[in-house]
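Quantities reported herein were computed from a predicted structural model and do not represent experimental measurements.
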Amino acid sequence: MSAFANILLGGVFHAAVLFLVAAGLQLVFGVQKILNLACGSFYALGAYFGITFVGVALTFGMPVWALLPALILAGVILGFVGLPIERMLRTVYDRDESFQLLLTFALLLMFQDVFRFLWGANPRSIAANYLVYGKFAGGDFTVPVYNLLVIAAAILVAAGLGLFLQKTNYGRVLRATAENRAMAEALGVNVSRVYAAVFTGGTMLGTVAGALVVPTAAASLDMAVEFVVEAFAVVVIGGLGSMPGALAGAVIVGLIHAYAIYAFPELELLATYLIVIGVLLWRPAGLFGKPAT
């Protein structure tokens with residue numbers, strides 16, 4: 001029973017972090033039609049900056065119980081790096097998808113050098129503060145309360161995004177722009193501002209996810225590339241441009257990841273790829289994606 005609970009909670013925690021990155025990826029693709037390979041770099045950037053931000057805050061007397069709010073704040077602040085990057089991406093909006101992929105992949109490689117220059121090649125972490133909120137004991141298993149808080153935060157983000165996109169006027173503007181950019185522009189929508197807001201929001205989701213994960217795992221140079229692979233697996237499984245698909249895909253990948261680590265550690269990545277291949281063969285558009293017309 002304890003093994004099942006640990007796999008379940010570990011998988012859901014990983015899914016929570018994955019969902020935040022994949023939701024940003026889906027948001028950007030859904031509105032701007034850009035496959036952003038740099039999403040993993042935003043995740044890693046949030047992790048590195050979160051460690052620095054918390055370290056500085058603790059030096060200036062921040063109480064340790066403020067760890068979670070401080071990490072969220074660090075991710076939100078850093079998310080505004082998306083504004084200048086979106087300005088650069090405007091040069092490839094109306095060009096072939098290959099240009100978009102090449103440019104965002106170039107950003108991924110450039111960020112690798114930025115990480116190495118600013119934070120060095122050695123992994124960094126704040127694992128000493130991981131158990132600041134204590135542990136929750138349930139029967140014969142325990143789980144850090146921090147993990148539960150991150151899961152709760154991801155659920156709130158998922159609910160908030162759904163309400164924002166469906167119930168607010170700006171959410172309707174985003175959906176209208178996603179459906180027909182030219183018509184939205186003709187009706188007076190400032191598409192450039194919409195794109196800037198969407199890309200910054202997507203970046204912010206990635207940086208917040210990276211910041212939230214650092215108490216549980218070290219920030220390292222290879223985390224950006226590794227997370228890009230997982231984020232795209234989530235998107236392929238759920239369906240490009242679908243926010244419910246991002247949630248379902250994240251849960252599937254998170255649980256597979258946790259079970260594979262427990263039962264077959266050497267097959268962790270292979271297990272994810274097998275599910276991706278199975279979904280592509282059964283439903284090429286993804287579980288919640290719309291078939292191309």
Exercise for the section: Can you run down the side chain to side chain donor-acceptor pair (under 3.5 Å) pairs that involve residues 234-249, sequence neighbours left out, and say none if there aren't any? Expected result: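 Matches after skipping sequence neighbours: none remain.
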Fill in the blank from the handout: side chain to side chain contact (heavy atoms under 4.5 Å, CB included) filter on Leu8, not counting sequence neighbours, yields Phe4, Val12, Leu255
Under 3.5 Å, which donor-acceptor pairs link side chains of residues 181-190 to any protein atom two or more places apart or in another chain?
| unit_1 | atom_1 | unit_2 | atom_2 | d |
| --- | --- | --- | --- | --- |
| Arg181 | NH1 | Asp94 | OD1 | 3.2 |
| Asn190 | OD1 | Ser192 | N | 3.3 |
| Asn190 | OD1 | Arg193 | N | 3.2 |

Please table the atom pairs, donor to acceptor, closer than 3.5 Å between any side-chain atom in residues 170-178 and protein atoms at least two apart or in another chain.
| unit_1 | atom_1 | unit_2 | atom_2 | d |
| --- | --- | --- | --- | --- |
| Arg172 | NH1 | Asn169 | OD1 | 3.0 |
| Arg172 | NH2 | Lys167 | O | 3.4 |
| Arg175 | NE | Leu165 | O | 2.7 |
| Arg175 | NH2 | Leu165 | O | 3.4 |
| Thr177 | OG1 | Val173 | O | 2.8 |

Problem - Residues clustered with Ile261, ILVMFWY side-chain links under 4.5 angstrom - result: none
Handout entry: Residues that, via side-chain heavy atoms closer than 4.5 angstrom, fall in one hydrophobic cluster with Leu281
Key = Ile277
Side chains of residues 51-62: which donor-acceptor pairs under 3.5 Å do they make with residues two or more places apart or in other chains?
| unit_1 | atom_1 | unit_2 | atom_2 | d |
| --- | --- | --- | --- | --- |
| Thr52 | OG1 | Tyr48 | O | 3.3 |
| Thr52 | OG1 | Trp119 | NE1 | 2.8 |
| Thr59 | OG1 | Gly55 | O | 2.8 |

Sequence-distant partners of [X], salt bridge (charged side-chain N to carboxylate O under 4.0 Å, His left out), two or more places apart:
{"X": "Asp113", "value": "Arg116"}
{"X": "Arg124", "value": "none"}
{"X": "Arg90", "value": "Glu86"}

Which atom pairs, one a donor and one an acceptor, fall under 3.5 Å between side chains of residues 73-84 and the rest of the protein, sequence neighbours left out?
none

Determine all donor-acceptor pairs shorter than 3.5 Å in which one atom belongs to a side chain in residues 210-235; sequence neighbours excluded.
| unit_1 | atom_1 | unit_2 | atom_2 | d |
| --- | --- | --- | --- | --- |
| Thr216 | OG1 | Val213 | O | 2.8 |
| Ser220 | OG | Asp222 | OD1 | 2.5 |
| Glu230 | OE1 | His14 | NE2 | 3.4 |
| Glu230 | OE2 | His14 | NE2 | 2.9 |

